[in-house]
Trainee: 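Shown below is the structure under consideration.
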Amino acid sequence: MRYELVIFDNDGVLVDSEPLSNTILAAYLTELGHPTSYEDSLRDYMGAAVHRVHDLVLERTGLRLPEDFDETFHARVFAAFERELVAVAGVPEVLEKLVAEGVPYCVASSGSHERIRVGHRKTGLDRWFREGSVFSAQDVGRGKPAPDLFLHAAERMGVAPERCVVVEDSPLGVQAALAAGMDVYGFTAMTPAEQLVGVKGCFDDMGQLVELLV
């Protein structure tokens, strides 16, 4: 394999959470008086840490979201995860191949550590991610599209950025990976390929990933 470390985004790449979380986010913002469609939420917030929601609402309206916004939003998302969340089709097989090939991998997500844990436990992916291979925007000062999270993950895993490859499905995540000096492959199950500018290649079936990386 050409790379010494595969870094996975989480939401939309490992777990099929984007439809659930963006439906909930759009409804909650609308409930709070900030009309937001599902499509708006995907465009503005997919792949971002929750602080981006606060920042954009404040920038656009001059109003701050409630102090308990994060707590309420995450509670609603976690409840939906427990009811409905599944792994992205083909992910366990990809991880099994990486283990068999001896290729290190990790996850670097804009979501909180709790969100990652809840999703992985519900989908059974927790068995594939050992302690020390899960990284969150909580670990760094700035989330995607800043490169900080990917650089942090590479440093902790002991691999130079130029020897890493990132698997992403959002424009913000692609921007972050490119800014970190890493190659990126775009997963297009939800995002049109033309929105993932700068990637080495795109794929819409996880079964294709390992062949792209060799």
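Atom set for the values below is all heavy atoms of this structure, side chains included, hydrogens, waters and symmetry mates excluded.
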Trainee: For side-chain contact (heavy atoms from CB on, under 4.5 Å), just list the numbers for Leu29 and Tyr45, CA-CA rounded to whole Å, side-chain angles, deciding distance to a tenth of an Å, and then say yes or no.
Mentor: CA-CA 12 Å; Leu29 287 173; Tyr45 306 120; 3.9 Å; yes
Trainee: Flag the pair Val174 / Gln195 as yes when at least one side-chain heavy-atom distance between them is below 4.5 Å, and no otherwise.
Mentor: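 SC-SC contact between Val174 and Gln195 ruled out.
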Trainee: So, do Phe203 and Phe187 have ring centers that fall under 6.0 Å from each other?
Mentor: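 Yes, ring centres under 6.0 Å apart.
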Trainee: How about Arg83 and Leu20: do any of their side-chain heavy atoms sit closer than 4.5 Å?
Mentor: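 Sidechains of Leu20 and Arg83: no contact.
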Trainee: Among Ile116, Leu14, Asn10, which residue satisfies the side-chain contact (heavy atoms from CB on, under 4.5 Å) criterion with Phe129?
Mentor: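 With Phe129 as partner, Ile116, Leu14, Asn10 yield a single side-chain contact (heavy atoms from CB on, under 4.5 Å), made by Leu14.
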Trainee: side-chain contact (heavy atoms from CB on, under 4.5 Å), that's the test. Do Leu58 and Leu63 meet it? Break it down for me.
Mentor: CA-CA 5 Å; Leu58 180 61; Leu63 301 173; 5.9 Å; no
Trainee: Any idea which heavy atoms bring Leu196 and Pro171 closest together, and the distance?
Mentor: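 The pair with the smallest heavy-atom distance is CD2-N, 3.7 Å.
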Trainee: Measuring from Met206:CE to Lys97:NZ, what's the distance to the nearest 0.5 Å?
Mentor: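 Met206 atom CE to Lys97 atom NZ measures 12.0 Å (nearest 0.5 Å).
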Trainee: Distance check, rounded to the nearest 0.5 Å: Leu56 atom CG versus His34 atom NE2?
Mentor: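 If we round to the nearest 0.5 Å, Leu56:CG and His34:NE2 are 11.5 Å apart.
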Trainee: If you compare all heavy atoms of Met157 against all heavy atoms of Gly132, which two are closest, and at what distance to 0.1 Å?
Mentor: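 Minimum heavy-atom separation between Met157 and Gly132: SD-O, 3.7 Å.
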Trainee: Should Glu59 and Arg52 count as an ion pair when the cut-off is N to O under 4.0 Å?
Mentor: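 No salt bridge links Glu59 with Arg52.
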Trainee: Is it true that a side-chain atom of Asp40 and a backbone atom of Thr36 form a donor plus acceptor pair closer than 3.5 Å?
Mentor: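 Answer holds: no.
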Trainee: Are the side chain of Tyr28 and the backbone of Thr72 linked by a donor-acceptor contact shorter than 3.5 Å?
Mentor: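 Pair absent, no side-chain N/O of Tyr28 close to backbone of Thr72.
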Trainee: Is the closest basic N to carboxylate O distance between Arg121 and Asp126 below 4.0 Å?
Mentor: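 Looking at Asp126 together with Arg121, the answer is no, because their closest N to O distance does not fall below 4.0 Å.
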Trainee: Do Ser21 and Arg115 have side chains that get closer than 4.5 Å, going by heavy atoms?
Mentor: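 With C-beta onward as the side chain, the pair touches.
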Trainee: Does a sphere of radius 6.0 Å around CZ in Arg2 hold more than 12 heavy atoms from other residues, nucleotides or ligands, not counting ones at 6.0 Å or beyond?
Mentor: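 Atom CZ in Arg2 is crowded, with more than 12 foreign heavy atoms closer than 6.0 Å.
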Trainee: Quick one: does Thr188's side chain have a donor or acceptor within less than 3.5 Å of a partner on Thr191's backbone?
Mentor: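 Here the side-chain-to-backbone pair does not exist.
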Trainee: Please round to the nearest 0.5 Å and tell me the distance separating atom CZ of Arg156 and atom NE2 of His152.
Mentor: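 Those atoms lie 5.0 Å apart.
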Trainee: Lys122 and Glu82: side-chain contact (heavy atoms from CB on, under 4.5 Å), yes or no, with the steps?
Mentor: CA-CA 6 Å; Lys122 174 62 169 62; Glu82 293 293 349; 4.0 Å; yes
Trainee: According to a 4.5 Å side-chain heavy-atom criterion applied to Ile, Leu, Val, Met, Phe, Trp and Tyr, with indirect links allowed, do Ile7 and Leu213 form part of one hydrophobic cluster?
Mentor: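 They do not share one cluster, since no chain of ILVMFWY contacts under 4.5 Å joins Ile7 to Leu213.
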Trainee: Could you check Asp55 against Arg60 for salt bridge (charged side-chain N to carboxylate O under 4.0 Å, His left out), going step by step and ending with a plain yes or no?
Mentor: CA-CA 9 Å; Asp55 294 345; Arg60 291 169 174 175; over 6 Å; no
Trainee: For the pair Gln138 (side chain) and His113 (backbone), establish whether a donor and an acceptor sit closer than 3.5 Å, ignoring hydrogens and angles.
Mentor: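 Yes; judged by distance alone, with no hydrogens or angles, the pair exists.
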Trainee: Could you tell me which non-hydrogen atom of Gly12 sits nearest to which non-hydrogen atom of Asp169, and how far apart they are?
Mentor: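 Shortest heavy-atom separation between Gly12 and Asp169 comes out as CA-OD2, 3.4 Å.
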Trainee: With a 3.5 Å distance limit and no angle check, can you tell me whether His74 reaches the backbone of Asp70 through a side-chain donor-acceptor pair?
Mentor: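 Flag set: sc His74 to bb Asp70 pair under 3.5 Å.
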Trainee: Can you find a pair of side-chain heavy atoms, one from Cys106 and one from Val134, that are under 4.5 Å apart?
Mentor: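 Not touching, per the 4.5 Å side-chain cut-off.
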Trainee: With a 4.5 Å limit on heavy-atom distance, are the side chains of Tyr185 and Val165 in contact?
Mentor: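 When only atoms from C-beta onward are counted, Val165 and Tyr185 do touch, with a gap below 4.5 Å.
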Trainee: Hey, do the aromatic rings of Phe135 and Phe150 have their centres closer than 6.0 Å?
Mentor: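 Ring centroids of Phe135 and Phe150 are no less than 6.0 Å from each other.
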Trainee: Check Glu71 with Arg76, please: is the shortest side-chain N to carboxylate O separation under 4.0 Å?
Mentor: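 No salt bridge links Arg76 with Glu71.
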Trainee: Can you establish whether the number of heavy atoms outside Glu67 located under 6.0 Å from its atom CD is more than 12?
Mentor: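 Counting other residues, nucleotides and ligands, CD of Glu67 stays at 12 neighbours or fewer.
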Trainee: Roughly how far, to the nearest 0.5 Å, is the CD atom of Glu168 from the CG atom of Leu178?
Mentor: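 So the CG of Leu178 and the CD of Glu168 are separated by 10.0 Å.
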Trainee: Using the rule that Ile, Leu, Val, Met, Phe, Trp and Tyr join whenever any side-chain heavy atoms are under 4.5 Å apart, tell me whether Val99 and Val103 fall into a single cluster.
Mentor: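 Yes, same cluster.
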Trainee: Could you see if Phe8 belongs to whatever hydrophobic cluster contains Leu5? Use Ile, Leu, Val, Met, Phe, Trp, Tyr and a side-chain cutoff under 4.5 Å.
Mentor: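 Different clusters.
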Trainee: Do the non-hydrogen side-chain atoms of Leu149 and Lys144 ever get within less than 4.5 Å of each other?
Mentor: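 With C-beta onward as the side chain, the pair touches.
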Trainee: Enter the distance from Glu18:CD to Ser41:OG here, rounded to the nearest 0.5 Å.
Mentor: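 Interatomic distance, Glu18 CD to Ser41 OG, rounded to 0.5 Å: 8.5 Å.
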Trainee: Of all the heavy-atom pairs spanning His51 and Gly143, show the shortest one and how long it is.
Mentor: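 Here His51 and Gly143 meet closest at NE2-N, 3.7 Å.
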Trainee: Assigning hydrophobic clusters by single linkage (Ile, Leu, Val, Met, Phe, Trp, Tyr; side-chain heavy-atom cutoff under 4.5 Å), is Val13 placed with Leu95?
Mentor: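 Val13 clusters together with Leu95.
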Trainee: Taking Arg163 first and then Asp183, would you say they form a salt bridge - that is, a charged N and a carboxylate O separated by under 4.0 Å?
Mentor: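 Salt bridge absent between Arg163 and Asp183.
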Trainee: Mind telling me whether Phe81 and Phe78 have parallel, tilted or perpendicular rings, with 30° and 60° as the class edges?
Mentor: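 Plane angle between 30° and 60°, so tilted.
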Trainee: How close do Ile24 and Ala80 get, counting heavy atoms only, and between which atoms?
Mentor: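 Smallest heavy-atom distance, with atoms named: CD1-CB, 3.6 Å.
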Trainee: Ignoring hydrogens and geometry, is there a side-chain-to-backbone donor-acceptor pair from Ser133 to Arg130 under 3.5 Å?
Mentor: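 Yes; judged by distance alone, with no hydrogens or angles, the pair exists.
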Trainee: Is Leu172 linked to Val53 within one hydrophobic cluster, defined over Ile, Leu, Val, Met, Phe, Trp and Tyr using a side-chain heavy-atom separation of less than 4.5 Å?
Mentor: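 Leu172 and Val53: separate clusters.
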Trainee: Is any side-chain heavy atom of Val167 less than 4.5 Å from a side-chain heavy atom of Asp9?
Mentor: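 Val167 vs Asp9: side chains apart.
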Trainee: Please confirm whether the backbone N or O of Ser136 pairs with a side-chain atom of Asp139, one donor and one acceptor, at under 3.5 Å?
Mentor: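 Pair found, side chain donor or acceptor close to backbone of Ser136.
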Trainee: Got Asp11 and Ser109 here, is their nearest side-chain heavy-atom distance under 4.5 Å?
Mentor: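 Yes, their side chains come closer than 4.5 Å.
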Trainee: Measure across Ala176 and Ala146 and return the closest heavy-atom pair with its distance rounded to 0.1 Å.
Mentor: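 Answer, listing the atom of Ala176 first, then Ala146: CB-O, 3.3 Å.
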Trainee: To the nearest 0.5 angstrom, please state how far the CG atom of Leu212 sits from the CE atom of Met1.
Mentor: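 The CG atom of Leu212 sits 10.0 Å away from the CE atom of Met1.
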